[in-house]
Visitor: 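Before I ask anything, here is the structure I am working with.
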Amino acid sequence: MSNEERFNPHVADARWQNIWEERSSFVADDNSTKPRAYVLEMFPYPSGRIHIGHVRNYTMGDVLARYKRMTGHEVLHPMGWDAFGMPAENAAMEKNVHPGGWTRDNIANMKAQLKRLGFAIDWTRELATCEPEYYGHEQALFLKLYAAGLVYRKESAVNWDPVDMTVLANEQVIDGKGWRSGAPVERRKLSQWFLKITDFADELLTGLGSLDQWPDKVRLMQENWIGKSQGLKCTFRFPGGNGGIDVFTTRPDTMFGASFVAIAADHPVAQKLAANAPDLQAFIEECRKGGTTAADIETAEKRGFDTGLTVEHPLDASWHLPVYVANFVLMDYGTGAVFGCPAHDQRDLDFARKYDLPVTRVVGDGDLTDSSFAGDIAFTGPGTIVNSRWMNGMTIDQAKADVIARAQAEGWGIGQTQYRLRDWGVSRQRYWGTPIPIIHCQTCGAVPVPDDQLPVTLPEDVSFDIPGNPLDRHPSFSKVDCPSCGQPARRETDTLDTFVDSSWYFIRFASQPHDKPFDRTVAEKWLPVDQYIGGVEHAILHLLYARFWTRALSHIGLIDVKEPFASLFTQGMVTHQTYQDAKGSWLSPDQVRREGDIWTIIDSGAQAVAGRIEKMSKSKKNVVDPDDIVDQYGADAVRWFMLSDSPPERDLEWSEAGIEGCWRFVQRLWRLTAQVSGADGADKALDRKTHQVIAGVGADIEALAFNKAVAKIYDLANIIEKAAPSASRDSAIRTILLLSSPMVPHLAEEAWTQLGAELGGGLIADAAWPAVDPALLEEDEVTIAIQVRGKLRDTLTVAKGLPQAEMEALALASQKVQIAIDGSDIKKIIVVPDRLVNIVL
RNA sequence: GCGGAUGUGGCGGAAUGGUAGACGCUACAGACUUAAAAUCUGUUGUCCUUCUGGGCGUGCGGGUUCGAGUCCCGCCAUCCGCACCA
């Protein structure tokens with residue numbers, strides 16, 4: 001055995017990466033007859049550098065992909081780039097570069113970084129969403145959805161920066177002000193394109209039921225996002241019978257507790273009144289200040305404007321309620337109007353207290369049944385209906401049913417299912433995105449770009465020296481003739497939300513013909529994705545949009561896949577300690593050094609403060625560049641670190657000590673593989689342990705419990721090291737190499753070659769996962785616990801399968817147990833076979 | 001505001017309702033070495049102790065159970081998402 005003393009990743013990593021590439025080891029074969037496995041990690045945005053979070057994400061997917069290959073699967077494990085988006089335009093503005101050049105440079109850099117980590121990726125399927133060969137097909141799909149009536153246009157609010165005269169993303173609104181101009185933002189209406197995701201609300205909700213390989217929390221979040229609720233839609237008529245205000249409520253049972261009706265600032269009634277009421281107009285303007293996010297709107301101070309109008313209570317026409325315009329009522333949800341029942345809704349109560357409106361209890365709270373309601377905390381719990389005429393004594397559900405039935409019988413309302421989900425607005429007033437393939441014609445209206453004119457490509461000659469969308473001011477981009485009538489027309493200059501790009505890339509990975517978005521037969525062979533891995537921050541939007549897009553394609557007959565991701569895993573973030581100097585400026589980890597319990601700044605010797613452990617971010621300087629650590633420790637140690645210790649769904653703290661430990665283990669594994677002795681003889685205990693670990697590691701990898709798989713490998717390594725040479729030990733060494741090969745593939749290949757003389761060569765990447773011999777798993781002895789009154793008093797090692805009576809007898813024979821019993825009466829004895837005996841006194 | 005999660009030694013974490021702390025890191029002691037690194041061997045929740053053991057311990061307060069880190073109820077703290085960031 002001519003093993004080097006140390007494993008040298010600086011030579012080995014690149015060597016094996018080249019060999020895998022030359023042999024096309026990880027290129028997926030569409031025509032394979034093996035069982036398929038499609039392993040996919042969420043593709044990255046090409047920001048410039050890979051960050052540790054990417055490394056963690058792709059290492060997990062890689063281990064699974066390599067494991068699946070070893071267990072006989074044809075594996076599709078592709079990689080691409082979510083390449084459109086705002087950062088490229090920001091870079092264009094700041095550095096005076098073209099978004100395309102900037103993005104493509106970033107892709108080249110990040111690809112090189114990824115390659116150094118030795119991922120088993122099929123690079124022949126690489127794609128970037130910013131290339132016409134991708135987004136052109138996306139435009140074609142968009143037009144198919146348009147033709148199917150799933151795309152429409154409507155007015156919708158955006159954040160408007162009144163100084164820069166431009167639309168801002170939510171991210172660009174900081175404390176209600178534009179990030180560049182500092183001007184308070186306003187909500188402004190624009191005509192925009194929408195996808196009818198609400199048509200699929202019920203399907204998307206029901207479909208969650210079939211996703212049993214998704215985390216419960218993600219399904220729950222999607223369920224809440226879709227927000228199906230049953231309620232009553234009814235009309236509060238204007239006195240005199242001339243129309244009224246439609247209201248949706250999920251609490252018709254509290255109808256007799258109503259004390260006002262509130263409508264959105266954008267409600268037609270408010271708009272109409274404002275035309276002749278300058279103070280109402282001013283209030284509506286006031287409501288339009290601030291950002292468009294839910295958090296902005298809902299945490300804003302609740303404010304209202306008394307319109308002076310009144311409406312009749314539907315259950316008693318003689319009872320009139322005041323109508324307010326209120327800033328917390330959303331035009332986008334329900335009917336844009338609510339009735340307020342302050343006693344049983346916190347927001348309504350806050351509002352009622354502020355404007356001194358009546359508060360009447362209509363749901364009893366224990367002994368509290370009086371119609372007066374004290375305090376500032378609404379009662380939303382269960383109870384019995386009170387102060388509600390004929391409904392008194394009903395349960396909440398009975399009262400709901402009663403009011404809905406009455407409304408329908410009397411014709412003033414109807415029971416309705418309502419969704420919180422809104423249609424998906426896909427228009428973006430930005431350059432760096434997929435152009436929306438529509439032409440606006442004075443006479444023909446919105447006309448789709450004909451197929452033979454696709455793709456609509458982005459012009460390269462654009463400038464970012466002034467705010468706004470460069471496509472709007474481009475000399476020729478928008479000037480086209482109408483495809484329908486030939487008259488001069490205007491090309492749509494909005495681009496698509498980047499979430500559209502990421503809603504079908506997994507289909508394009510599976511099949512990427514030149515002349516169409518995908519080949520249906522090939523795509524259906526691979527889909528759905530067997531394992532999808534990514535950050536939990538995508539739990540709602542991306543995953544819901546991708547599910548919708550796939551269903552929409554299925555709906556129009558392009559593909560027979562309903563749910564794109566059979567199994568989903570959401571991984572945690574990578575965090576790192578932060579450091580600050582005495583003035584509070586952030587310091588990077590390599591600027592400080594630890595001396596005992598004190599951190600000092602290396603350059604100045606001044607004291608530093610070790611702060612919180614937080615998500616890595618450039619602003620806090622607690623970032624670690626994957627390139628640097630791969631330079632230092634090699635790919636395998638970094639990969640091993642990503643998998644060790646922290647459960648993959650939780651946050652992982654990066655630490656120097658941790659990576660050092662991983663480096664030592666890689667070397668330890670290397671030394672272990674040099675210990676194949678050629679000795680004879682079996683070591684039964686070691687064989688059993690080895691096979692238990694084979695079974696355990698396989699199960700852990702399938703469950704993505706990498707930290708547990710790693711612990712089992714450590715455990716086996718400890719035991720092999722202590723074992724005397726034998727054939728069993730040699731076999732255990734080869735086994736531990738196979739088991740760790742998905743995690744540390746470079747070391748595994750290198751060591752496998754060293755052992756190759758005995759094994760006939762070949763790549764470990766192509767080797768089969770070791771088989772478990774169930775006969776070897778059986779233990780013949782077990783250690784049982786003896787408890788007295790539930791407390792551990794002794795442990796005994798007994799033959800496996802010992803009859804209960806004998807376990808009981810052995811337990812009672814124990815000296816320690818007798819001391820603990822101390823002559824007391826035994827009430828009963830609980831015996832769990834092969835586990836424990838509990839003596840109850 | 002609404003929604004989702006998390007909480008176990010000095011640290012990351014293990015534990016089908018059945019021996020809490022596997023495995024790793026750190027720290028300490030010892031071996032090897034001229035020395036250091038590397039490596040190897042131990043110890044490492046806490047308090048008491050006659051050294052044999054015993055008490056207490058899984059964010060806090062209750063409950064169910066022969067038995068609770070695990071199940072139920074109520075708190076506290078922290079983190080994440082909220083529709084134009086990706």
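Throughout, a chain's letter reflects where its sequence line sits, starting with A, and its residues are numbered from 1. What you see is a predicted model; the values in this text were computed from it and never measured.
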Visitor: Which residue is it: A/Leu836, A/Val817, A/Asn838? I am looking for the one with a side chain to side chain contact (heavy atoms under 4.5 Å, CB included) to A/Ile786.
Guide: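 Of all the options given, the one that passes is A/Val817.
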
Visitor: For A/Leu792 and B/U19, what is the distance between atoms CG and C1' respectively, to the nearest whole Å?
Guide: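 Distance check: A/Leu792 CG to B/U19 C1' gives 5 Å.
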
Visitor: Has A/Asn707 got a side-chain N or O lying under 4.0 Å from the OP1 or OP2 atom of B/A14?
Guide: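 For A/Asn707, the contact criterion (side-chain N or O under 4.0 Å from OP1 or OP2 of B/A14) is met.
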
Visitor: Across the strands shown, which category fits A/His542 at heavy-atom distances under 4.0 angstrom: base, sugar-phosphate, nothing?
Guide: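 Touches nothing.
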
Visitor: Taking A/Val837's backbone N and O only, do any of them form a donor-acceptor pair with A/Gln787's side chain (distance below 3.5 Å, no angle check)?
Guide: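 No.
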
Visitor: What distance do A/Leu168 atom CG and A/Gln429 atom CD have between them, rounded to the nearest 0.5 Å?
Guide: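 It is 10.5 Å, given to the nearest 0.5 Å.
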
Visitor: If you find the nucleotide of RNA chain B closest to A/Glu649 and the one closest to A/Arg347, which residue's nucleotide is nearer the 5' end?
Guide: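 With A/Glu649 and A/Arg347 compared, the 5'-side residue is A/Arg347.
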
Visitor: Return the value, rounded to whole Å, for the distance between atom OH of A/Tyr545 and atom P of B/A86.
Guide: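 After rounding, the gap between these two atoms is 12 Å.
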
Visitor: Working to the nearest 0.5 angstrom, can you tell me the gap between A/Lys708 NZ and A/Asp645 CG?
Guide: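 Interatomic distance, A/Lys708 NZ to A/Asp645 CG, rounded to 0.5 Å: 14.0 Å.
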
Visitor: Whether A/Lys712 and A/Asp700 form a salt bridge (side-chain N of Lys/Arg under 4.0 Å from carboxylate O of Asp/Glu) is what I want to check.
Guide: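 Salt bridge between A/Asp700 and A/Lys712, a charged N being under 4.0 Å from a carboxylate O: yes.
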
Visitor: Give each stem of RNA chain B as a range with a range, requiring at least 3 consecutive Watson-Crick or G-U wobble pairs whose two distances are under 3.5 Å.
Guide: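 As far as RNA chain B goes, consecutive pairing (with distances under 3.5 Å) yields the stems B:1-7 with B:76-82, B:10-12 with B:23-25, B:27-31 with B:39-43, B:45-48 with B:53-56, B:59-63 with B:71-75.
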
Visitor: Find the distance A/Lys816:NZ to B/U19:P and express it as a whole number of Å.
Guide: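 Taking NZ of A/Lys816 and P of B/U19, I get 17 Å after rounding.
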
Visitor: Categorize A/Gly535 for me: base, sugar-phosphate, or nothing, with a 4.0 angstrom heavy-atom threshold over every strand shown.
Guide: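 Counting heavy atoms under 4.0 Å across all strands, no contact is made by A/Gly535.
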
Visitor: Output a table of nitrogen or oxygen pairs between the protein and nucleotides 64-70 of chain B separated by less than 3.5 Å.
Guide:
unit_1 : atom_1 : unit_2   : atom_2 : d
B/C66  : O2'    : A/Asn838 : ND2    : 3.3
B/C66  : O2     : A/Asn838 : ND2    : 2.5

Visitor: Excluding sequence neighbours, so at least two apart, what forms side chain to side chain donor-acceptor pair (under 3.5 Å) with A/Lys354?
Guide: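 With sequence neighbours excluded, A/Lys354 shows a side chain to side chain donor-acceptor pair (under 3.5 Å) to A/Glu301, given in chain and number order.
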
Visitor: Could you check which of B/A86, B/A83, B/G24 has an atom nearest any side-chain atom of A/Arg422?
Guide: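 Of the candidates, B/A83 comes closest.
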
Visitor: Quick one: are the ring centres of A/Phe43 and A/Phe506 less than 6.0 Å apart?
Guide: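 No, ring centres 6.0 Å or more apart.
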
Visitor: Whole angstroms only, please: what is the CG-P distance between A/Leu349 and B/G1?
Guide: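 Computing the A/Leu349:CG to B/G1:P distance gives 14 Å.
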
Visitor: Between B/C25, B/A86, B/A83, which nucleotide gets closest to the side-chain atoms of A/Phe499?
Guide: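 Within the option list, the nearest is B/A86.
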
Visitor: Looking across every strand, which nucleic acid part, if any, lies under 4.0 Å from A/Pro44 by heavy atom: base, sugar-phosphate, or nothing?
Guide: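 It contacts nothing in the nucleic acid.
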
Visitor: Rounded to the nearest 0.5 Å, what's the gap from CZ on A/Phe499 to CG on A/Leu195? Could you check?
Guide: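 It comes to 13.5 Å.
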
Visitor: Within a reach of under 6.0 Å around CZ of A/Arg789, are more than 12 heavy atoms found that belong to other residues, nucleotides or ligands?
Guide: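 Atom CZ in A/Arg789 is not crowded, with 12 or fewer foreign heavy atoms closer than 6.0 Å.
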
Visitor: Tell me if the centroids of the rings in A/Trp640 and A/Tyr714 come within less than 6.0 Å of each other.
Guide: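 They qualify: ring centres under 6.0 Å apart.
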
Visitor: Ignoring hydrogens and angles, answer whether the base of B/C84 and the side-chain atoms of A/Gln192 contain a donor-acceptor pair closer than 3.5 Å.
Guide: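 Yes, the side chain and the base share a sub-3.5 Å donor-acceptor pair.
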
Visitor: State whether A/Lys708 places a side-chain N or O below 4.0 Å from either non-bridging phosphate oxygen (OP1 or OP2) of B/A15.
Guide: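 Yes.
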
Visitor: Ring centroids only, cut at 6.0 angstrom: are A/Trp424 and A/Tyr545 within range, meaning strictly under it?
Guide: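 Here the rings of A/Tyr545 and A/Trp424 have centres that are less than 6.0 Å from each other.
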
Visitor: Could A/Arg428 and A/Asp497 be called an ion pair, given the rule that one side-chain N must be under 4.0 Å from one carboxylate O?
Guide: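 Answer for the salt bridge query: yes.
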
Visitor: Would you say the base of B/C85 and the side-chain of A/Gln172 have a donor-acceptor pair closer than 3.5 Å?
Guide: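 No.
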
Visitor: What integer number of Å spans the P atoms of B/A5 and B/U58?
Guide: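 My reading of the P atoms in B/A5 and B/U58 gives 24 Å.
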
Visitor: Counting any heavy atom closer than 4.0 Å, what does A/Ser47 reach on the DNA or RNA strands: base, sugar-phosphate only, or nothing?
Guide: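 No contact.
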
Visitor: With rounding to whole Å, what would you report as the distance between B/A36 and B/C28 at their P atoms?
Guide: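 So the two P atoms sit 14 Å from each other.
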
Visitor: Taking only side-chain nitrogens and oxygens of A/Arg428, does any of them come within less than 4.0 Å of OP1 or OP2 of B/A86?
Guide: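 Result: no.
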
Visitor: Would you indicate which nucleotide in B/C84, B/U19, B/A86 comes nearest to any side-chain atom of A/Gln429?
Guide: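 So the side chain of A/Gln429 is nearest to B/C84.
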
Visitor: Below 3.5 Å between N/O atoms, which protein atoms pair up with nucleotides 72-77 of chain B? Just atom names and distances, please.
Guide:
none

Visitor: At 4.0 Å (heavy atoms only), tell me whether A/Lys712 reaches a base, stays on the sugar-phosphate, or touches nothing.
Guide: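 No contact.
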
Visitor: I want to verify the glycosidic state of B/G9; is it syn or anti under the 90° rule?
Guide: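 Here B/G9 takes the syn form, which means its glycosidic angle is within 90° of 0.
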
Visitor: How is A/Glu656 classified with respect to the nucleic acid when contacts are heavy atoms under 4.0 Å: base, sugar-phosphate, or nothing?
Guide: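 If one applies the 4.0 Å heavy-atom cut-off, A/Glu656 turns out to touch nothing in the nucleic acid.
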
Visitor: Quickly work out the A/Lys302 NZ to B/C2 C1' distance and round it to whole Å.
Guide: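 One finds 11 Å between C1' of B/C2 and NZ of A/Lys302, rounded.
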
Visitor: Could you list all N or O pairs between the protein and nucleotides 3-9 of chain B that sit under 3.5 Å apart?
Guide:
unit_1 : atom_1 : unit_2   : atom_2 : d
B/G3   : O3'    : A/Asn224 : ND2    : 2.8
B/G3   : O2'    : A/Asn224 : ND2    : 3.3
B/G4   : OP1    : A/Asn224 : ND2    : 3.4
B/G7   : OP1    : A/Arg650 : NH2    : 3.0

Visitor: Assess, by modelled atom type and distance only, whether the side chains of A/Ser644 and A/Asn707 contain a donor and an acceptor separated by less than 3.5 Å.
Guide: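 No pair is found: no donor N or O on one side chain lies under 3.5 Å from an acceptor on the other.
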
Visitor: Quick one: label A/Ser655 by what it contacts on the DNA or RNA (base, sugar-phosphate, nothing), any heavy atom closer than 4.0 Å.
Guide: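 Here A/Ser655 touches no strand at all.
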
Visitor: Could you work out which one of B/C23, B/U19, B/G81 sits closest to the side chain of A/Ala711?
Guide: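 Selected nucleotide (nearest to the side chain): B/C23.
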
Visitor: Ring centroid separation for A/Trp214 and A/Phe569, is it under 6.0 angstrom?
Guide: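 Judged by ring-centre distance (under 6.0 Å), A/Trp214 and A/Phe569 do not meet the cut-off.
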
Visitor: Is the shortest side-chain N/O distance from A/Thr498 to OP1 or OP2 of B/A86 below 4.0 Å?
Guide: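 So the side chain of A/Thr498 is within the cut-off, an N or O lying under 4.0 Å from OP1 or OP2 of B/A86.
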
Visitor: Return the value, rounded to whole Å, for the distance between atom CD1 of A/Ile174 and atom P of B/C85.
Guide: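 About 12 Å, once rounded to whole Å.
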
Visitor: Can you check the distance between B/C56 and B/G3, where both ends of the measurement are the C1' atom (answer in whole Å)?
Guide: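 Approximately 39 Å lies between the C1' atom of B/C56 and that of B/G3.
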
Visitor: Taking only residues two or more places apart in sequence, or in another chain, which ones meet A/Arg180 in a side chain to side chain donor-acceptor pair (under 3.5 Å)?
Guide: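 For A/Arg180 there are no side chain to side chain donor-acceptor pair (under 3.5 Å) partners, ignoring immediate neighbours.
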
Visitor: A/Arg793 or A/Lys722: which one's nearest nucleotide on RNA chain B is closer to the 5' end?
Guide: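 The residue whose closest nucleotide sits nearer the 5' end is A/Lys722.
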
Visitor: Any salt bridge linking A/Arg153 with A/Glu492? Criterion: basic side-chain nitrogen under 4.0 Å from a carboxylate oxygen.
Guide: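 Salt bridge present between A/Arg153 and A/Glu492.
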
Visitor: Could you check how far CG of A/Leu541 sits from P of B/C85, rounded to whole Å?
Guide: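 To the nearest whole Å, that distance equals 9 Å.
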
Visitor: Nearest whole angstrom, please: distance from the P of B/A86 to the CZ of A/Phe43.
Guide: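 It works out to 11 Å between those atoms.
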
Visitor: When the aromatic ring centroids of A/Tyr135 and A/Phe84 are compared, is their separation below 6.0 Å?
Guide: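 Yes, the ring of A/Tyr135 comes within the 6.0 Å limit of the ring of A/Phe84, centre to centre.
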
Visitor: Tell me what A/Leu421 touches on the nucleic acid: a base, only sugar-phosphate, or nothing, going by heavy atoms under 4.0 Å.
Guide: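 The answer is base, as A/Leu421 lies within the cut-off (heavy atoms under 4.0 Å) of a base atom.
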
